[in-house]
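Since this is a predicted model, take the numbers as computed values, not measurements. Note: hydrogens, waters and symmetry copies are ignored here, and every other heavy atom, side chains too, is used. Numbering of ligands and ligand atoms starts at 1, following listing order.
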Amino acid sequence: MNLSEESAATITGNVAAAMPSVVAALEELVRIPGIAFPGFPVAEVDRARDATVQILRDAGFPTVKVLPIEGGSDAVFAECAGPVGSPTVLLYAHYDVQPAGDESLWNSEPFEPTERDGRLYGRGAADDKSGVVIHAGVLKALLAANGGTPPCTVRVIVEGDEEWGGSLESIVPSHCDLLRADAIVVADVGNLRIGEPTFTTALRGMAAITIEVRTLEGAVHSGMFGGPAPDALMALIITLASLRDAQGDTVVEGLSGFDWDGPDYPEPLYRELAGVIDGQPLVGTGTMSSRLFSRPVASVVGIDAPRVEGAINAVIPFARAQVSLRVPPGHDPRVAQAALAEHLLAHVPWGVYAEITKGGTGAGVRVATDGPAYAAARRAMQQAYGRESVEIGSGGSIPLIDVLREEFPDAEILLFGAQDPAARIHAPNESVDLNELHRAVLAEALFIAELAADVVA
Ligand SMILES: [Zn+2]
């Protein structure tokens, strides 16, 4: 059953009333440079944790506790019970942020929240302190609308080192009872465009490989020896070149991906965000979305070879490259890594010997979208944004999601949030659009109410 118009209107009003406190909480969080990278003060991460605890308490969660994680930053857990028999919803965000990077590239102080043209600027304003305050605002609005009890049991888990390491995965198996839910909302993504409600339903995985070619005991004069001598760098270049075809599509035997059937990613926006230089083409075939979300992409991300400056006329005896593979969602990254290794070794020319070292892998995800939680969330999105929602993929990966899926195979996982493409996450001048933030709170609050209405009916 759908939520009554009257209940939806009450929640809408309560979200609007909660927004000033939501924005104030976000500003407070942005002021804390809680960076979990080595070399940054741990005291600030602890301060961000404590502020998160306080914000969740202020929102009305009767249970808020800190979960210590060995070898990582503390996570924060909160819970507010709904009526007996109501579904349980787990809301995820992370309170740690990326470092500011080169501060001279920021138009305002990275850790001083600054509002310009409807956006709040500051490191973490979008990624992912917006997620923390969305969840807080949602509970506040639901409690006000339902006389002190939310329509579902609402649980919140806020991670403290997502940008560095992501240690939460390690405690999921031992905290199953605490984290178990019928639906899990990961508010660490955003809409395709401002005002266009979007679920992220697929994330690419990744796999890394290092390939090393050693052909001579040392460099030799190319005038005297060049010709028969196997040039290690040339062998490596030819091997790496086999990873792309003439159109620029990645070719790894046994790894294909699929066509994305959701809306296409707008090319002009992509060009702008990726900083593609005017006049340069985009490469590959198929839709933008297929190329970005559901096809494999191999990139050479590092290469060891003599520097151009000081280069001498020599046959190069040793060369090494690191290849990073974005794995189509739904493919096992270890299988993809093995396919990449086999492909590379098969393309080393002239019978030259090369050595492969396998690096890390991360699983991609394709979530099921045909359950009751998605149905409820689509209705909520329609009400919050006044238009139908769309599904996109994401080029990056969130390894935690794979662990959640393993532990809670029956839980529906929904990814939506307030990070639109202009949010410039991880870059200078990160910001969140305050209207998007408002609508994200509304969408999440309505989702929880819609899900409860379904079950009660
Ligand atoms: Zn994030």
Side-chain angles (χ1 to χ4, degrees), residues 25-26 29-30 32-37 40 44-45 48-49 51-52 55 69 72-76 90-101 110-111 113 119-136 156-170 172 184-192 198-206 273 292-293 326 329 362-365 367 392-404 413-433 436-437 440-441 444:
L26 182 56
L29 282 176
V30 168
I32 307 171
I35 299 158
F37 286 56
F40 288 86
E44 296 291 0
V45 178
R49 173 202 62 200
T52 300
I55 286 164
I69 301 178
S73 308
D74 299 340
V76 177
L90 176 69
L91 310 173
Y92 168 89
H94 62 88
Y95 66 76
D96 67 305
V97 296
Q98 287 275 327
F111 297 104
R119 300 190 71 98
L120 187 74
Y121 287 81
R123 173 56 84 228
D127 180 14
D128 184 30
K129 288 170 168 175
S130 69
V132 179
V133 300
I134 287 169
H135 303 330
V156 174
I157 184 77
V158 186
E159 189 172 15
D161 53 9
E162 194 275 343
E163 304 288 4
W164 177 265
S167 58
L168 182 63
E169 285 128 89
S170 67
V172 172
I184 301 172
V185 177
V186 177
D188 193 13
V189 291
N191 293 333
L192 179 60
T198 307
F199 295 104
T200 300
T201 56
L203 302 159
R204 290 195 289 208
M206 60 152 306
L273 293 174
L292 273 173
F293 308 145
R326 291 286 167 184
V365 171
V367 299
I392 59 167
S394 167
S397 38
I398 308 179
L400 172 69
I401 291 177
D402 210 44
V403 177
L404 291 172
I413 298 179
L414 304 100
L415 293 95
F416 61 89
Q419 304 174 12
D420 75 288
R424 298 195 181 282
I425 63 167
H426 296 203
N429 301 309
E430 178 178 348
S431 66
V432 71
D433 181 286
E436 286 285 276
L437 186 69
V441 177
E444 194 175 280

Would you say the side-chain atoms of Glu163 pair up with the backbone N or O of Val97, donor to acceptor, closer than 3.5 Å? no

Near the Zn ion (ligand 1), which protein N/O/S atoms fall under 2.8 Å? His94 NE2, Asp127 OD1, Asp188 OD1, Asp188 OD2

Any side-chain to backbone donor/acceptor pair from Arg204 onto Gly393? Under 3.5 Å, distance only. no

Between Asp96 (side chain) and Glu162 (backbone), is there a donor-acceptor pair under 3.5 Å? yes

Which of Gln98, Arg123, Arg424 passes side chain to side chain donor-acceptor pair (under 3.5 Å) with Glu430? Answer is Arg123

Excluding sequence neighbours, so at least two apart, what forms side-chain hydrogen bond (donor to acceptor under 3.5 Å, both in side chains) with Asp161? Ser167

Within the structure provided, determine whether Ile134 and Leu437 are in side-chain contact (heavy-atom separation under 4.5 Å). yes

